[in-house]
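Input: a single structure, listed below in structure tokens.
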Amino acid sequence: MKQWIGKSNEFPLRTQVTSHFKFKMAQTPLLSLPEFRNVSTGSLVVKEALNFWGGARVQGKDTKNSEPVYEPATGRVLCDLIPCGEEEVDQAIKSAHSAYLKWSKLAGIERARILLEAARIIRERRDQIAILEVINNGKSITEAKVDIDVAWQCIEYYAGIAPTLAGQHIQLPGGSFAYTRREPLGVCVGIGAWNYPFQIAAWKSAPALACGNAMVFKPSPMTPVTAVILAEIYKEAGVPDGLFNVVQGAAETGSLLCHHPMVAKVSFTGSVPTGKKVMEMSAKGVKQVTLELGGKSPLIIFKDCELENAVRGALMANFLTQGEVCCNGTRVFVQRDIMKPFVEDVVKRTKAIAVGDPLLDGTRMGSLISKPHMEKVLGFIKQAKEQGATVLCGGEPFVSSDPKLKGGYFLSPCVLDNCRDDMTCVKEEIFGPVMSILPFDTEEEVLQRANNTTFGLASGVFTRDISRAHRVAENLQAGTCFINNYNVSPVEVPFGGYKMSGFGRENGMVTIEYYSQLKTVVVEMGDVENYF
Ligand SMILES: NC(=O)c1ccc[n+]([C@@H]2O[C@H](COP(=O)([O-])OP(=O)(O)OC[C@H]3O[C@@H](n4cnc5c(N)ncnc54)[C@H](O)[C@@H]3O)[C@@H](O)[C@H]2O)c1
Ligand SMILES: C[N+](C)(C)CCCC=O
């Protein structure tokens, strides 16, 4: 058997990684810098190249079209986003293809060793990566650490699956037989949203690489900073140069990726309108597509629930990452009999959420991604009031006493009461910290109302009645139903949407199906029967 580790000089298991991040206060390599833990909000400037292909960082060329990227907590410029053009996208894809030719020939167990090493490195550098994620995204450090943990767990999980990928043997008459081979697709493209930048890159690359594919990943132009760290870590772990590449840019770069003839598959995370375009573009080249899109998920709370857990669940369903979460349960249906105690407790706990500097351990809610996004969320709240909703708390720009945060995009978490199903805040994805509470009377009624949406990403139910819980789960039209909890998604569990929330899955065993194809080999052991 060919041994990967220790024999090949071409793809060493460990290579020296140096960081390319420069700080205003120090120009020390990022990932080997213990003091990095002390970096504070408002102090980082990223100067170095954010693209990665051929096993190295590559500086963008089109500097005249560069756009500023802001640190959400301060409104300060963090770095410049230089979009990749046709030539650069082509280079990244060709680099991926040449790595694919080598990587796809390895045994699963050989790929697994390298992926496990990548998972180990991420685990080791989790706190530093989390700090970068916070500075670029604005979410709290508490959440970012969990996101990075989920990222390495995902890589570890698919490392475990890689050696188990196998086909089937099928006996045919006369000693003939057939067998199937599970083969990779080739060069896969990943396109990410800004709310979970590092985690999305891991959720896409881990199953892709485990199956023997290469990937070109494009992060959101608003969060370009951490995907390249993942690329460096994969390289350090020992993947061939070009196996995981990062190209920066917005719609135009994304469109170049979707149209490129050497791309076999596009896995997209983002909004429904962009998802439709990605599907259209990919269809022209008959490329496989996974779409992880938006949602407006229902959370149903029955009167027999354990109330305190239901309240906690409602907060987890609405306020993670400032409410910028695709699967959030933002339509909170509460059975009328328990409306009063539920609302009182939700409001009390929502008012107690510590909003502020996202790098501080005590903070539970950071800043929204951008000023225009914050204004859009405020617009939804204004419209909700005009349409008859009552603001029970929050829903206003939050002004911190810390002067360095005065340019940040903070919003106090908002609870809306007196909502109706026909209100815009109940129908459309707000993608901000806004919970809409809706009363209901019967199970039949609430199921009909919960399903009355074009989205179908997630759903939740709180009840002590075990039969009801499973009946409701069966009848909700959504890719996930949480019973007596919300927004827990371990990497072993498939995640993805129904209806306009998309198709295909991420995480879990099933995702192997979306990053591989089946070849059938038919073997004749006798003579050829000839009809002619
Ligand atoms: N279902 C999920 O797993 C999931 C996870 C996170 C976010 N989301 C959804 O993402 C949305 C928020 O993210 P967003 O604002 O970054 O979404 P978006 O659709 O604006 O952008 C997503 C990505 O697509 C790229 N893009 C834009 N136009 C493109 C084009 N024409 N061709 C190719 N790529 C293009 C963007 O640059 C970005 O990288 C919300 O709707 C949210 O629900 C879904
Ligand atoms: C990890 N969560 C909380 C389930 C979020 C998944 C990604 C959706 O925006």
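Count residues from 1 along the sequence. Read the numbers this way: they start at 1 and go in the same order the structure lists the ligands and their atoms.
The side-chain heavy atoms of Val69 and Pro221, taken from C-beta on, include no pair separated by under 4.5 Å. Side-chain atoms of Cys154 and Asn507, non-hydrogen and from C-beta on, do get closer than 4.5 Å to each other. By the 4.5 Å heavy-atom criterion applied to side chains, Ile129 and Phe198 are counted as neighbours. Under the 4.5 Å side-chain criterion, counting only non-hydrogen atoms from C-beta, Val446 is not in contact with Leu438. Residues Val426 and Leu416 form no side-chain contact, since every pair of their non-hydrogen atoms from C-beta on lies 4.5 Å or further apart. A heavy-atom distance below 4.5 Å is found between the side chains of Ile155 and Leu230.
When only interatomic distances are considered, the shortest N/O to N/O separation between Glu506 and ligand 1 does not fall below 3.5 Å.
Which parts of ligand 2 touch Gln199 is read off a 4.0 Å heavy-atom cut-off, strictly below it: atoms 1 (C). Residue contact check: Gly254 has heavy atoms under 4.0 Å from atoms 32 (N), 33 (C), 34 (N) of ligand 1. For ligand 1, the atoms closer than 4.0 angstrom to any heavy atom of Gly294 are 41 (O), 43 (O). Interface of Ser220 with ligand 1, defined as ligand atoms under 4.0 Å from a residue heavy atom, comprises 39 (O).
When hydrogens are left out, the protein atom nearest atom 25 (C) of ligand 1 is Ile191 CG2, 3.7 Å; that is the closest non-hydrogen contact. The protein heavy atom nearest to atom 36 (C) of ligand 1 is Lys218 NZ, 3.6 Å. Nearest protein neighbour of atom 15 (O) of ligand 1, counting heavy atoms only, is Trp194 NE1, 2.9 Å. The shortest contact between atom 24 (O) of ligand 1 and any protein heavy atom is with Phe268 CE1, 3.1 Å. Of the protein's non-hydrogen atoms, the one nearest atom 2 (N) of ligand 2 is Ser489 OG, 3.9 Å. Of all protein heavy atoms, the one lying nearest to atom 9 (O) of ligand 2 is Cys326 SG, 2.6 Å. The protein heavy atom nearest to atom 27 (C) of ligand 1 is Thr274 CG2, 3.4 Å. Looking only at heavy atoms of the protein, atom 6 (C) of ligand 2 is closest to Trp203 CH2, 3.9 Å. Counting protein heavy atoms only, atom 23 (C) of ligand 1 is closest to Gly192 O, 3.3 Å. Protein heavy atom nearest atom 12 (C) of ligand 1, with residue, atom name and distance: Phe431 CE2, 3.6 Å. Closest to atom 30 (C) of ligand 1, if we only count protein heavy atoms, is Ala251 O, 3.7 Å. The protein heavy atom nearest to atom 3 (C) of ligand 2 is Tyr196 OH, 3.4 Å.
If you check each of Ile200, Thr269, Val189, Asn195 against atom 5 (C) of ligand 1, the one with the closest non-hydrogen atom is Thr269. Compare Ser271, Gly270, Ser489, Gly496 by their heavy atoms: the one nearest to atom 19 (O) of ligand 1 is in Ser271. Nearest-heavy-atom check against atom 4 (C) of ligand 1 across Pro219, Ala250, Cys326 picks out Cys326.
Using a 4.0 Å cut-off between heavy atoms, Phe495 contacts ligand 1 through its side chain alone, with no backbone atom that close. When non-hydrogen atoms are compared, ligand 2 lies under 4.0 Å from the side chain of Asn195 (C-beta onward) but not from its backbone. Only the side chain of Met281 comes within 4.0 Å of ligand 1, counting heavy atoms alone; its backbone N, CA, C and O stay farther away. Looking at Leu293 against ligand 1, only its backbone comes within 4.0 Å, counting heavy atoms. Contacts between Glu429 and ligand 1 below 4.0 angstrom, taking non-hydrogen atoms only, involve the side chain exclusively. Within the 4.0 Å heavy-atom criterion, neither part of Cys327 lies near ligand 1. Only the side chain of Leu457 comes within 4.0 Å of ligand 1, counting heavy atoms alone; its backbone N, CA, C and O stay farther away.
Looking at Thr424 and Gln387, their side chains do bring a donor and an acceptor atom within 3.5 Å of each other. For the 3.5 Å distance criterion, the side chains of Ser267 and Lys204 qualify, holding a donor opposite an acceptor. Between the side chains of Asn195 and Thr321, no donor-acceptor pair is found at a separation under 3.5 Å.
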### Task
Could you give me the CA-CA distance, side-chain angles and deciding distance for Glu386 and Lys382, then say whether salt bridge (charged side-chain N to carboxylate O under 4.0 Å, His left out) is met?
CA-CA 6 Å; Glu386 286 162 4; Lys382 181 168 174 280; 3.2 Å; yes

### Task
Verify salt bridge (charged side-chain N to carboxylate O under 4.0 Å, His left out) between Arg312 and Glu308, making sure each step is shown before the conclusion.
CA-CA 6 Å; Arg312 287 191 198 149; Glu308 192 175 334; 2.9 Å; yes

### Task
Please assess Asp90 against Lys94 for the test salt bridge (charged side-chain N to carboxylate O under 4.0 Å, His left out), listing each intermediate value before the final yes or no.
CA-CA 6 Å; Asp90 191 55; Lys94 286 191 171 138; 2.8 Å; yes

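At least one heavy atom of Pro221 lies less than 4.0 angstrom from ligand 1. Under a 4.0 angstrom heavy-atom cut-off, Gly502 registers as lying outside contact with ligand 1.
When the options Phe380, Tyr409, Trp194 are evaluated for a ring pair (Phe, Tyr, Trp, His ring centres under 6.0 Å) with His373, the one that passes is Trp194.
Using a 4.0 Å cut-off between charged nitrogen and carboxylate oxygen, Glu280 and Lys276 do not count as a salt-bridge pair. The pair Asp62-Lys64 meets the salt-bridge criterion, with a side-chain N (NZ, NE, NH1 or NH2) lying under 4.0 Å from an Asp/Glu carboxylate O.
For an aromatic pair to be called close, the ring centres must be under 6.0 Å apart, and Trp203 with Tyr196 fails this.
In this structure, Lys265 is positioned above the aromatic face of Tyr515, its NZ or CZ under 6.0 Å from the six-membered ring centre and within 45° of the axis.
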